[in-house]
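In what follows, a single structure is set out as structure tokens and then discussed.
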There are 2 protein chains.
Amino acid sequence: MAEWTLYEGDCIEVMKGLPEGSVDSVVTSPPYAMQRAKLYGGVPEAEYPAWTVAWMEQVRRILKPHGSVLINIREHIRNGEMSDYVHRTRLALREAGWIECDELIWMKPDAPPVGHPKRPRRSWERILWFAKDQQPYCDPKANGRFSDRIGVSLAGEGFKKWLAGASDLRSGIARCRDWVAVSPSQTDSRGHPAAYPRDLAAWMIRLITPPGGTVLDPFSGSGTTLLAAIQEGFSCIGIEKEPEYCEVIRKRMAELQPALPLAK
Amino acid sequence: MAEWTLYEGDCIEVMKGLPEGSVDSVVTSPPYAMQRAKLYGGVPEAEYPAWTVAWMEQVRRILKPHGSVLINIREHIRNGEMSDYVHRTRLALREAGWIECDELIWMKPDAPPVGHPKRPRRSWERILWFAKDQQPYCDPKANGRFSDRIGVSLAGEGFKKWLAGASDLRSGIARCRDWVAVSPSQTDSRGHPAAYPRDLAAWMIRLITPPGGTVLDPFSGSGTTLLAAIQEGFSCIGIEKEPEYCEVIRKRMAELQPALPLAK
DNA sequence: ATGAGGAATGAATCCCCAC
DNA sequence: GGTGGGGATTCATTCCTCA
């Protein structure tokens with residue numbers, strides 16, 4: 001039976017109290033350095049690699065041997081130059097013994113046109129994929145029966161051709177691609193400034209979590225990961241530092257299906 | 001008048017002989033470490049960052065001050081782990097004084113279902129973007145598409161500029177996104193094992209090359225960059241080490257438009 | 001109901017101007 | 001001069017109002 005638990009507190013401290021090997025996968029979107037620091041606290045760029053290694057060190061303990069971690073992030077641009085903290089963080093995680101499996105891409109077909117007007121619109125984000133060993137659990141067919149383009153209106157020539165060329169949609173279930181298109185406008189942010197869409201979370205969860213498994217999100221925010229996990233039939237452990245967002249999560253989960261066993 | 005030149009030889013040696021500031025942009029797809037070493041020589045992963053810094057050092061001399069470089073590449077996966085040489089190469093180029101502007105993505109909607117069957121199909125590649133300064137030439141509207149939303153909300157300054165007839169307002173062209181979808185099946189490889197499609201090259205060239213400017217491709221391969229540049233009205237300098245591929249390029253360019261002035 | 005049209009806004013980024 | 005706050009810019013989408 002799919003169950004969920006929410007812990008209020010700093011994720012490193014909370015994870016220290018969780019039992020070894022209790023989690024099948026981690027799906028999360030940590031703070032993007034100082035991008036929204038005033039709203040929910042941020043991590044300085046210089047400290048970002050070490051900070052990530054620190055919370056991932058706790059993840060290592062509670063993650064099962066073939067479990068893996070998907071991290072949604074993208075560096076910002078300042079004065080025309082891309083920040084390098086994500087590069088440095090990836091190398092630091094490798095240095096710390098994590099296996100970098102691959103990088104997946106979240107495409108945002110209708111991302112807001114904000115940003116530098118003399119540059120292309122920033123319309124994708126990274127999904128970093130790290131594991132404890134080189135053969136983590138992964139079921140690329142779990143997403144194979146879904147369209148690569150979730151929640152996107154199928155208007156425009158390019159999109160039609162795209163679908164027409166998708167031979168894998170005809171021959172039964174095929175492997176998913178290493179990118180997924182999800183409209184950010186589907187995001188139900190509930191006041192959280194940095195939420196991601198439910199369908200993106202569901203895609204990530206299905207990819208690396210065995211049936212009936214337990215997902216962890218150490219930076220739960222408005223709780224999208226928990227919501228998607230339960231809806232997809234997985235269990236989920238959420239951790240969130242801000243009491244205000246914890247309240248949002250409890251409310252959102254209660255709305256979802258009041259008949260389910262609630263928080264413990 | 002758009003012209004093209006092809007040099008046969010090692011790109012570092014050839015570039016040493018090219019005049020300073022003679023090139024507006026660089027668009028290329030260098031060898032991917034040892035991926036196809038047997039076919040056209042490869043660069044060991046350990047040496048890849050230094051090797052890239054070395055050829056980019058020559059690029060620096062011949063590139064104009066506001067010129068920039070687009071590099072198509074993606075690391076391979078071996079034994080379930082992604083190679084780290086691209087991460088290290090990016091940091092090495094930054095260390096060498098290059099400004100990393102951003103990363104663009106080439107999406108391949110119908111990439112062949114090769115690769116590990118227990119992993120998502122690899123269907124995108126990176127386009128690294130490096131420049132000499134923080135404000136390289138970039139025209140995101142060159143690849144843009146019509147939008148009827150441009151300049152809809154004209155408040156304050158914008159309204160005044162619109163009254164004054166500012167041409168960049170209400171132009172009807174929305175800027176391009178930072179990814180581009182091009183089918184790899186459009187590739188005309190002419191026997192070259194690592195060619196990229198013409199439309200991808202054209203997109204990259206238009207983004208960072210001023211009208212009538214000159215593009216350089218130090219790893220010309222089957223000549224797709226040269227072909228796309230000429231077709232789009234730019235001049236182009238190609239460099240290719242293998243005589244066999246130089247012959248392919250000459251033939252392809254001759255097919256394109258025999259009336260144009262040919263190789264010198 | 002239905003549709004046309006305006007307002008608000010979205011993990012942005014830059015420029016300008018106080019301190 | 002470095003730093004930090006405020007305003008302008010940008011366009012797809014949703015939501016709301018009103019004919």
Side-chain angles (χ1 to χ4, degrees), chain A residues 28-45 48 71-83 85-86 106-128 149-156 158-159 181-197 200-201 219-222 224-225 242 245, chain B residues 99 101-103 133-136 138-141 143-162 164 166-178:
Chain A
T28 194
S29 187
Y32 292 9
M34 303 300 277
Q35 290 289 90
R36 290 282 182 273
K38 277 171 219 148
L39 288 164
Y40 54 73
V43 180
E45 289 181 45
Y48 205 91
I71 301 173
N72 169 225
I73 196 166
R74 187 168 184 188
E75 54 275 75
H76 57 267
I77 290 177
R78 193 145 39 218
N79 294 327
E81 180 169 13
M82 190 177 137
S83 173
Y85 76 91
V86 175
W106 168 25
M107 287 214 319
K108 303 189 276 190
D110 56 350
V114 292
H116 195 315
K118 300 283 283 178
R119 291 283 182 89
R121 274 168 72 178
R122 285 163 68 85
S123 308
W124 59 270
E125 295 197 14
R126 304 182 192 283
I127 301 171
L128 309 183
R149 316 191 67 256
I150 300 171
V152 177
S153 64
L154 296 177
F159 295 166
V182 184
S183 170
S185 66
Q186 304 228 325
T187 304
D188 178 11
S189 70
R190 303 295 179 105
H192 193 276
Y196 61 174
L200 176 65
F219 305 97
S220 294
S222 60
T224 302
T225 308
E242 301 292 337
Y245 293 126
Chain B
I99 303 296
C101 302
D102 205 349
E103 176 172 345
D133 73 6
Q134 291 164 330
Q135 302 293 336
C138 173
D139 182 6
K141 296 202 174 192
N143 286 309
R145 55 205 176 82
F146 180 79
S147 166
D148 56 9
R149 295 304 190 105
I150 301 288
V152 161
S153 67
L154 286 177
E157 255 348 91
F159 183 68
K160 281 183 226 160
K161 287 203 310 203
W162 174 63
S167 61
D168 57 334
L169 295 174
R170 291 189 177 276
S171 64
I173 303 292
R175 47 196 224 277
C176 67
R177 298 186 175 96
D178 56 357

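In what follows, chains are A, B, ... by sequence order, proteins preceding strands, each numbered from 1.
Listed candidates were D:dT10, D:dC11, C:dA11. Nearest to the side chain of A:A194 is C:dA11. Nearest to the side chain of B:R175, among C:dG10, D:dC11, C:dT13, sits D:dC11.
Atom CD in B:Q134 sits about 14 Å away from atom P in C:dT13, given to the nearest Å. Nucleotide C:dC14 holds its P atom 14 Å from the CE atom of A:M82, rounded to whole Å. In this structure, B:K141 atom NZ and D:dT9 atom P are separated by 13 Å, rounded to whole Å. Spacing between atom NZ of A:K118 and atom P of D:dT10 amounts to 11 Å, rounded to whole angstrom units. Distance, A:E45 CD to C:dA11 P: 20 Å, rounded to whole Å. Following rounding to the nearest Å, B:I173 (CD1) and D:dT9 (C1') show an atom-to-atom distance of 18 Å. Rounded to whole Å, atom P of D:dT3 lies 11 Å from atom CZ of A:R78.
At a cut-off of 3.5 Å, with distance as the only test, no side-chain donor of B:Q134 or A:N79 sits close to an acceptor on the other residue.
Of all non-hydrogen atoms in A:A111 and A:P184, the two that sit nearest each other are CA-CG, 4.0 Å. The nearest pair of heavy atoms linking A:P31 to A:Y48 is O-OH, 2.5 Å.
The base-pairing partner of C:dA11, taking Watson-Crick or G-U wobble contacts with both distances under 3.5 Å, does not exist among the strands shown. When both distances must be under 3.5 Å, the Watson-Crick or G-U wobble mate of D:dG2 is C:dC19. Pair assignment for D:dT10 gives none, since no Watson-Crick or G-U wobble pairing has each distance under 3.5 Å.
Residue-level contact check: A:R119 touches neither bases nor backbone, having no heavy atom under 4.0 Å from any strand. If you check every strand for non-hydrogen atoms under 4.0 Å, A:R122 touches sugar and phosphate atoms only. Residue A:P31 is classed as a base contact, given a heavy-atom separation below 4.0 Å to a base. Among the protein residues, A:P30 comes within range of the nucleic acid bases, having at least one heavy atom under 4.0 Å from a base atom.
The 5' end of DNA chain C is approached more closely, in terms of each residue's nearest nucleotide, by A:A111 than by the other of A:A111 and A:H116. With DNA chain D read from its 5' end, the first of the two nearest nucleotides for A:P117 and A:S185 is the one closest to A:P117.
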Discussion item. Is there a side-chain contact (heavy atoms from CB on, under 4.5 Å) between B:C138 and A:K118? Walk through the geometry before answering.
Written reply: CA-CA 7 Å; B:C138 173; A:K118 300 283 283 178; 5.8 Å; no
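Side-chain nitrogen and oxygen atoms of B:R177 include none within less than 4.0 Å of the OP1 or OP2 phosphate oxygen of D:dC11. For the pair A:S29 and C:dA11, the criterion of a side-chain N or O lying under 4.0 Å from OP1 or OP2 is not met.
The separation of C:dA11 from D:dG4, taken at their P atoms, amounts to 24 Å, rounded to a whole angstrom.
Considering only heavy atoms from C-beta on, A:Y245 stays 4.5 Å or farther from A:F219 through its side chain.
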